[in-house]
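The block underneath contains the structure these notes are about, expressed in structure tokens.
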Number of protein chains: 2
Amino acid sequence: MASKNLPTRDRIVNAAAKLFQGEGVRDVSVDMVAAEAGLTKRTLYYHFRSKDDVIAAYLQARDQPNLAMFKRWFYETDGGLAEKVEGIFRNLALAARHPKWKGCGFLRTSVELVKTPGHPAVLAARTHKKRVEDWLCTELAKAGLASSSQAAARQIILLLDGSFSTVLLHRDPSYMEAAGDAARRLIHGYLPPADTLDDFSVSAPATPSRPQNSEPGRPLL
Amino acid sequence: MASKNLPTRDRIVNAAAKLFQGEGVRDVSVDMVAAEAGLTKRTLYYHFRSKDDVIAAYLQARDQPNLAMFKRWFYETDGGLAEKVEGIFRNLALAARHPKWKGCGFLRTSVELVKTPGHPAVLAARTHKKRVEDWLCTELAKAGLASSSQAAARQIILLLDGSFSTVLLHRDPSYMEAAGDAARRLIHGYLPPADTLDDFSVSAPATPSRPQNSEPGRPLL
DNA sequence: TTGTGTATATCCACTGTTCGGTATACCATA
DNA sequence: TATGGTATACCGAACAGTGGATATACACAA
């Protein structure tokens, strides 16, 4: 465990992330988080005002790493724009095959807190999803989808969130490859038809690189 | 309220559906369901063995009506295949604009029960989603997407579930129209290119028919 | 060096409440 | 009178949050 000599607050957030991600924010009690962090509930309540604040901190802490992982999957995939986007879904499918994979923490948490629409954790989830969408939008624009980059980014996000939900329900990660295929098709449809020679849309078949996620530890994402 | 002279069991399921759909299965207690049905908890436990059974019955009862609604939205939309599918999303966006709309009960419930993957309610949710996908698949096949009907149906389901999740998070039903646009584009991409004259792909712009969902009562879906 | 004050950080034990589920008794009607 | 259905009152467990005491560390003055 790397979170040994961290500040107490960070250890609490790490413990919360591990438990919340694995079992959901409703099924994990404050006592369990405290125990996982190796301290007492009273100490936890010294660093956080409420369980809701711990939940919000959990999601805020996952925002940047998650976005960075999407970027890595995108940049590390060979091929053109469409293949790079498809690479995200391909790597996601790999991650989803980990036996402990439990879907998207942002989406799941916001569903668990549907009674409290203004909950800070829900706002954190919205911010994260928007950030991913905005990043995608700029990448699409850079690659030539000038006027339609916003629409395309939205549709890819829809496929992404659909993947999370559908795969979590059916426990069948092949849906993610179907989503990647759909994203690729959509992008090809948006790209300038055939007059401009698209030098990248026919490059390497974009095989996922790292053989990650061979079972142990915690799942990515 | 139409559930006045129904058998007790059905009144319980109706009450459960109303409350579970509005506030989630975890935030609604058995006492609340019993009170909503106009009887005591002990009576409820005479008709159901456990709360889990009530939850499962709630989803099982929604399977057929939900599927029927999708079919109606599809058949009642003018235009070709792509436009008919897009009509589903358009009507869904209308439904989602109802202030009390709370997303897809199947997806939400299965997220709330993520700790119990074999839960009968989760199985009911899977069955329902599969049923929608299968129906879509046959419609796609009937309309000419012979070999790719399965893949296309999957991708439409992904857009559908993505819509539910994304719109529930952002509270912005315009994502559903974006999903409908994506579905239309995908289908056009699958349809035989241009050699066969597609007499329907350019028909009426498929405006949603009924002016439904003008605020009161419970939201559809 | 010693003594005192203060802020940070931790813990044990407890409260009040909610919830799923039950024990037991009552009642209506066939 | 026996069966199906309903009601009151209750149980045990789990939970979020708190009261109050304690340990540590550092600042500054005697």
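Residue numbers start from 1 in every chain, and the chains themselves are labelled A, B, ... in the order their sequence lines are given, proteins ahead of strands.
A:R131 is linked by a side-chain contact (heavy atoms from CB on, under 4.5 Å) to A:D63, A:Q64, A:L67, A:T127, counting only residues two or more places apart in sequence or in another chain. Not counting sequence neighbours, the partners of B:K130 by the side-chain hydrogen bond (donor to acceptor under 3.5 Å, both in side chains) test are A:Y175. Listed by chain and residue number, A:R26, A:K115 satisfy the salt bridge (Lys or Arg N to Asp or Glu O under 4.0 Å) test with B:D27 (two or more places apart in sequence, or in another chain). Residues meeting the salt bridge (Lys or Arg N to Asp or Glu O under 4.0 Å) test with B:D31, sequence neighbours left out: B:K41. For the salt bridge (Lys or Arg N to Asp or Glu O under 4.0 Å) test, residues two or more places apart in sequence or in another chain that qualify with B:R185 are B:D181. Applying the side-chain hydrogen bond (donor to acceptor under 3.5 Å, both in side chains) rule to A:S174 yields the partners A:D172, B:R154; only residues at least two apart in sequence or on another chain are considered. Applying the salt bridge (Lys or Arg N to Asp or Glu O under 4.0 Å) test to A:E139 and every residue at least two apart in sequence or in another chain returns A:K142.
A heavy atom closer than 4.0 Å to some atom of DNA chain D occurs in B:L39, B:T40, B:R42, B:T43, B:Y46, these being the qualifying members of residues 38-46 of chain B.
Fit an axis to the five pairs at each end of the helix from C:dT1-D:dA30 to C:dA30-D:dT1 and the two axes sit 10° apart, to the nearest 10 degrees.
Think of the region where chain A sits on DNA chain D: with heavy atoms and a 4.0 Å cut, that region ends 5' and 3' at D:dC15 to D:dG20.
Every pair passing salt bridge (Lys or Arg N to Asp or Glu O under 4.0 Å) that includes a residue from residues 160-170 of chain B is listed here, sequence neighbours excluded: B:K129-B:D161.
Counting to the nearest Å, the P atom of C:dG21 and the NE2 atom of B:H47 are 16 Å from each other. In this structure, B:R49 places its CZ atom 14 Å from C1' of C:dG20, rounding to the nearest Å. Atom-to-atom, CZ of A:F48 to C1' of C:dT10 comes out at 16 Å; the value is rounded to the nearest Å. Across the protein-nucleic acid pair, A:R11 atom CZ and C:dA9 atom C1' stand 11 Å apart, rounded to whole Å. What separates CE of B:M32 from P of C:dG21 is a distance of 16 Å, to the nearest Å.
Two residues are said to be in side-chain contact when any heavy atoms from C-beta on lie closer than 4.5 Å; B:L169 and A:F106 fail this criterion.
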Can you list, pair by pair, the side-chain donor-acceptor contacts under 3.5 Å of residues 52-61 of chain A, counting residues two or more places apart and other chains?
unit_1, atom_1, unit_2, atom_2, d
A:D52, OD1, A:H119, NE2, 2.9
A:Y58, OH, A:Q21, OE1, 2.8

* To do: Please assess B:F74 against B:V85 for the test side chain to side chain contact (heavy atoms under 4.5 Å, CB included), listing each intermediate value before the final yes or no.
  => CA-CA 6 Å; B:F74 178 87; B:V85 169; 3.8 Å; yes
